[in-house]
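In what follows, residues are counted from 1 in the order of the sequence shown. Computed over heavy atoms, backbone and side chain alike; hydrogens, waters and symmetry mates excluded. Computed from a predicted model, the values in this text were never measured in an experiment.
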Amino acid sequence: MAQPSSIKVVEVCWVAPKPSSPDSASPDDQSLPLTFFDLLWLRFPPIQRVFFYEISSFNTPLFFDSILPKLKASLSLTLQHFLPLAGNLTWPQDSQKPFLSYVKGDTLSLTIAESDADFYHLVSTNNFNIEAKEYHPLIPQLAVSHDQAAVMALQITIFPHCGFSIGSAVHHAALDGKTSTSFLKLWAYLCKHGGLSSSLLPEPPKPCYDRRAVKDPAGIEPIYLKEWLNAGGPNNTSLMSLGVKEFPLDSIRGTFEFTRAKIEALRQSVMAMMAKKKQQDHSVLHLSTFSLTCAYTWVCLVKAEEIKAEKILLVFSADCRSRLDPSLPANYFGNCIAGRGVVAETKGLLGEDGLFVALNAISESIKCLDKTFLDGAETWVSRMLNALQTTDRVHSIAGSHTFGIYEATDFGWGRPTKIDFVSIDRTGAISFSDSKNGAGGVEVGLVLKKHYMEAFASLFARGLEDL
Ligand SMILES: CC(C)(COP(=O)(O)OP(=O)(O)OC[C@H]1O[C@@H](n2cnc3c(N)ncnc32)[C@H](O)[C@@H]1OP(=O)(O)O)[C@@H](O)C(=O)NCCC(=O)NCCSC(=O)CC(=O)O
């Protein structure tokens with residue numbers, strides 16, 4: 001394990017969105033209602049991520065004289081298009097429901113810190129000795145009170161002679177993974193290209209704030225509001241996060257890669273398995289990159305954790321932007337995801353055909369998505385609140401390999417050396433992203449107790465070797 005390290009806050013900056021014209025002092029106020037997709041996450045703790053950048057000629061004067069001014073100026077320009085991120089989620093006493101609000105003068109909190117931790121230890125991927133808590137000092141606090149919560153906070157941490165990290169904390173009621181990734185993509189693009197459009201690379205799209213297209217004929221919104229108002233006391237309009245189970249303190253982080261070749265080999269082996277079983281209709285399984293990598297990871301995890309329960313639940317999100325009728329644009333700002341619960345018998349997952357069992361369950365859920373993605377949506381908040389109170393292990397997926405996060409977060413000093421989903425140590429989720437090594441690979445991240453991580457690592461590697 002690493003030596004204890006210390007972190008020093010150098011400065012807390014308040015970054016304002018850049019005015020759209022030199023004459024205006026700051027952008028106009030903006031208020032945005034929450035849809036039922038947003039309200040689902042109202043009292044969910046922040047989503048936390050960290051991005052590490054290694055720079056060969058890095059030194060502290062270079063950071064303060066050149067890198068930081070560019071990061072700040074491009075952040076201010078990006079916020080011009082993402083005003084709610086500089087604002088707050090608020091629930092005034094006289095308002096029936098909370099909403100997002102940006103008012104003139106609102107700013108985003110950007111903390112600048114310096115760490116003496118071993119950068120190379122923090123970015124290592126195959127030693128399985130990064131304690132989950134070692135990333136916590138790299139993440140800023142998101143200011144939350146009963147009636148107001150910051151939407152986003154950022155922290156840039158310098159590692160002298162090595163590079164820096166960018167840590168983010170984001171309120172999930174304001175935006176989902178697709179929108180938060182689009183913010184990072186635009187920030188990185190504007191920083192790299194000095195705020196100018198590049199003729200070679202198109203500028204990432206700006207967000208769309210039109211919420212009229214999100215229809216709620218089933219009246220899900222009042223159901224969610226009632227659930228939240230009754231959570232933790234009657235008529236409770238508090239925005240404070242509800243207690244989430246902490247993961248054991250001795251948990252460690254692990255990152256695992258599926259190369260494109262291994263994903264293909266996995267697909268071929270499943271098809272061969274199906275042929276052997278004389279199930280000629282290959283179309284019954286949805287053999288996408290996601291379902292294959294998700295099923296494989298799930299089976300390894302159930303085996304590694306020696307799950308004893310009779311059945312085990314896996315929850316993943318489906319992006320509904322293109323699934324709604326009429327559809328929402330891909331750049332729709334906010335939340336537009338539906339939770340999908342998949343249940344499988346633990347015995348089946350642990351058996352010889354475990355991968356097949358997992359794939360079957362995941363495929364079924366994905367195949368009927370277009371018709372049923374909002375079925376049971378009225379119970380999502382109550383189910384989430386129940387899940388918070390049970391001790392049962394639920395496996396879930398955070399992020400998506402389709403977001404292309406490694407590829408699009410080069411701020412001008414190269415792609416990230418490592419990206420991690422810090423908050424999975426609280427949620428116990430499996431994080432998904434594109435692979436650091438690119439080429440169509442997928443990276444999954446986990447936080448587990450050390451002996452489970454070692455078991456998982458061995459199962460993961462052995463299974464792929466055998467393909
Ligand atoms: C439900 C799904 C997971 C199912 O994924 P699948 O890949 O199995 O299924 P799919 O129908 O999307 O795609 C099937 C195959 O078609 C391809 N495909 C799909 N759409 C395509 C398009 N428009 N053009 C070209 N190809 C396309 C896919 O690449 C895949 O091929 P191939 O086999 O090559 O792959 C996904 O559709 C989805 O919604 N993903 C986004 C989930 C998400 O938003 N997560 C973040 C939650 S928020 C969160 O977690 C917090 C945070 O991140 O901050």
Side-chain angles (χ1 to χ4, degrees), residues 47-54 119-128 130 135 163 165-166 168 177-178 180-182 184-185 188-189 192 201 204 252-270 287-301 304 316-317 319 355 358-359 362 395-411 413-424 429-448 453 456-467:
I47 306 292
Q48 302 162 325
R49 281 205 181 88
V50 65
F51 297 69
F52 293 95
Y53 293 88
E54 183 181 354
F119 182 84
Y120 300 104
H121 162 73
L122 293 178
V123 300
S124 64
T125 51
N126 48 13
N127 297 330
F128 309 120
I130 303 173
Y135 286 169
S165 66
I166 300 179
S168 65
K178 190 158 198 163
S180 62
T181 307
S182 68
L184 286 165
K185 285 181 177 177
Y189 179 96
K192 185 170 181 176
L201 259 179
I252 57 167
R253 293 183 185 276
T255 305
F256 301 86
E257 186 191 16
F258 290 95
T259 60
R260 178 49 42 192
K262 286 296 177 193
I263 296 166
E264 274 317 309
L266 206 48
R267 187 176 279 135
Q268 294 308 322
S269 98
V270 172
L287 298 182
S288 66
T289 299
F290 172 75
S291 55
L292 286 162
T293 52
C294 182
Y296 184 85
T297 309
W298 191 25
V299 170
C300 291
L301 197 50
F316 65 90
S317 300
D319 181 12
L355 181 63
L359 264 171
I362 295 168
H395 291 131
S396 60
I397 308 295
S400 168
H401 70 285
T402 60
F403 292 163
I405 190 103
Y406 271 101
E407 199 180 285
T409 48
D410 172 359
F411 285 79
W413 302 280
R415 285 157 61 118
T417 313
K418 191 181 185 194
I419 296 175
D420 228 303
F421 233 104
V422 178
S423 39
I424 62 168
I430 306 164
S431 68
F432 264 66
S433 76
D434 52 327
S435 158
K436 171 189 167 178
N437 300 314
V442 172
E443 199 169 283
V444 295
L446 289 168
V447 173
L448 296 173
M453 187 67 85
F456 178 89
S458 156
L459 288 161
F460 185 90
R462 244 187 305 135
L464 291 183
E465 255 165 42
D466 291 347
L467 292 173

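- Among residues at least two apart or in separate chains, salt bridge (Lys or Arg N to Asp or Glu O under 4.0 Å) pairs with a member in residues 396-410 are Lys192-Asp410.
- Counting only heavy atoms from C-beta outward, the side chains of Thr297 and Ile397 never approach each other to under 4.5 Å.
- The minimum heavy-atom distance linking Val299 with Ala358 is given by the pair CG2-CB, 3.7 Å.
- Here the straight-line distance linking atom NZ of Lys418 with atom OG of Ser165 works out to 12.0 Å at 0.5 Å rounding.
- Separation of atoms CD1 (Ile430) and CG (Leu301) is listed at 5.0 Å; rounding is to 0.5 Å.
- Checked against side-chain hydrogen bond (donor to acceptor under 3.5 Å, both in side chains), Ser269 has no partners two or more places apart in sequence or in another chain.
- You'll find the side chain of Leu464 stays beyond 4.5 Å of the side chain of Thr259, heavy atoms only.
- For Arg267, the side-chain hydrogen bond (donor to acceptor under 3.5 Å, both in side chains) partners at least two apart in sequence or on another chain are Glu264.
- Atom-to-atom distance recorded for Lys178:NZ and Asp319:CG is 4.5 Å, nearest 0.5 angstrom.
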Which donor-acceptor pairs under 3.5 Å do side chains of residues 435-445 form with protein atoms, sequence neighbours excluded?
residue: Ser435; atom: OG; partner: Glu257; partner atom: OE2; Å: 2.7
residue: Ser435; atom: OG; partner: Asn437; partner atom: N; Å: 3.0
residue: Lys436; atom: NZ; partner: Thr417; partner atom: O; Å: 3.2
residue: Asn437; atom: ND2; partner: Glu257; partner atom: OE1; Å: 3.2
residue: Asn437; atom: ND2; partner: Glu257; partner atom: OE2; Å: 3.4
residue: Glu443; atom: OE1; partner: Lys436; partner atom: N; Å: 3.1
residue: Glu443; atom: OE2; partner: Tyr406; partner atom: OH; Å: 2.8

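- For the atom pair CZ (Arg253) and OH (Tyr135), the distance works out to 6.5 Å, reported to the nearest 0.5 Å.
- Evaluation of the side-chain contact (heavy atoms from CB on, under 4.5 Å) rule for Ala188 yields Phe411 as partners, not counting sequence neighbours.
- Residues Phe421 and Ser433 form no side-chain contact, since every pair of their non-hydrogen atoms from C-beta on lies 4.5 Å or further apart.
- Proximity of a side-chain donor or acceptor of Ser423 to a complementary backbone N or O of Gln48 within less than 3.5 Å is detected.
- A distance of 10.0 Å separates CG in Leu292 from CD in Gln268, rounded to the nearest 0.5 Å.
- Asp434 is linked by a salt bridge (Lys or Arg N to Asp or Glu O under 4.0 Å) to nothing, counting only residues two or more places apart in sequence or in another chain.
- Taking the six-membered ring where tryptophan is involved, the planes of Phe256 and Phe128 are essentially parallel, since the angle between them stays under 30° and well short of 60°.
- Rounding to the nearest 0.5 angstrom, the gap separating the CG atom in Asp420 from the CG atom in Leu122 is 10.0 Å.
- For Tyr296, the ring pair (Phe, Tyr, Trp, His ring centres under 6.0 Å) partners at least two apart in sequence or on another chain are Phe258, Phe460.
- In this structure Ser400 satisfies the side-chain contact (heavy atoms from CB on, under 4.5 Å) test together with Thr402, Phe403, sequence neighbours excluded.
- When all heavy atoms of Tyr189 and Pro204 are compared, the closest pair comes out as CG-CD, 3.4 Å.
- Under the rule for a side-chain hydrogen bond (donor to acceptor under 3.5 Å, both in side chains), the partners of Ser291 that lie at least two apart in sequence or sit in another chain are Ser288.
- Residues Ile130 and Ser124 approach most closely at CD1-O, 3.4 Å, considering heavy atoms.
- For the residue pair Leu448 and Met453, the shortest heavy atom distance occurs at N-CE, 3.7 Å.
- The side-chain hydrogen bond (donor to acceptor under 3.5 Å, both in side chains) test applied to Ser168 returns no partner, not counting sequence neighbours.
- Contacts of Ala429 classified as side-chain contact (heavy atoms from CB on, under 4.5 Å), with partners at least two apart in sequence or in another chain: Ser396, Ala398, Ile424, Thr427.
- Applying the salt bridge (Lys or Arg N to Asp or Glu O under 4.0 Å) criterion to Lys185, with sequence neighbours excluded, gives no partner residue.
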Worked check of side-chain contact (heavy atoms from CB on, under 4.5 Å) between Phe290 and Phe316:
CA-CA 11 Å; Phe290 172 75; Phe316 65 90; 4.0 Å; yes
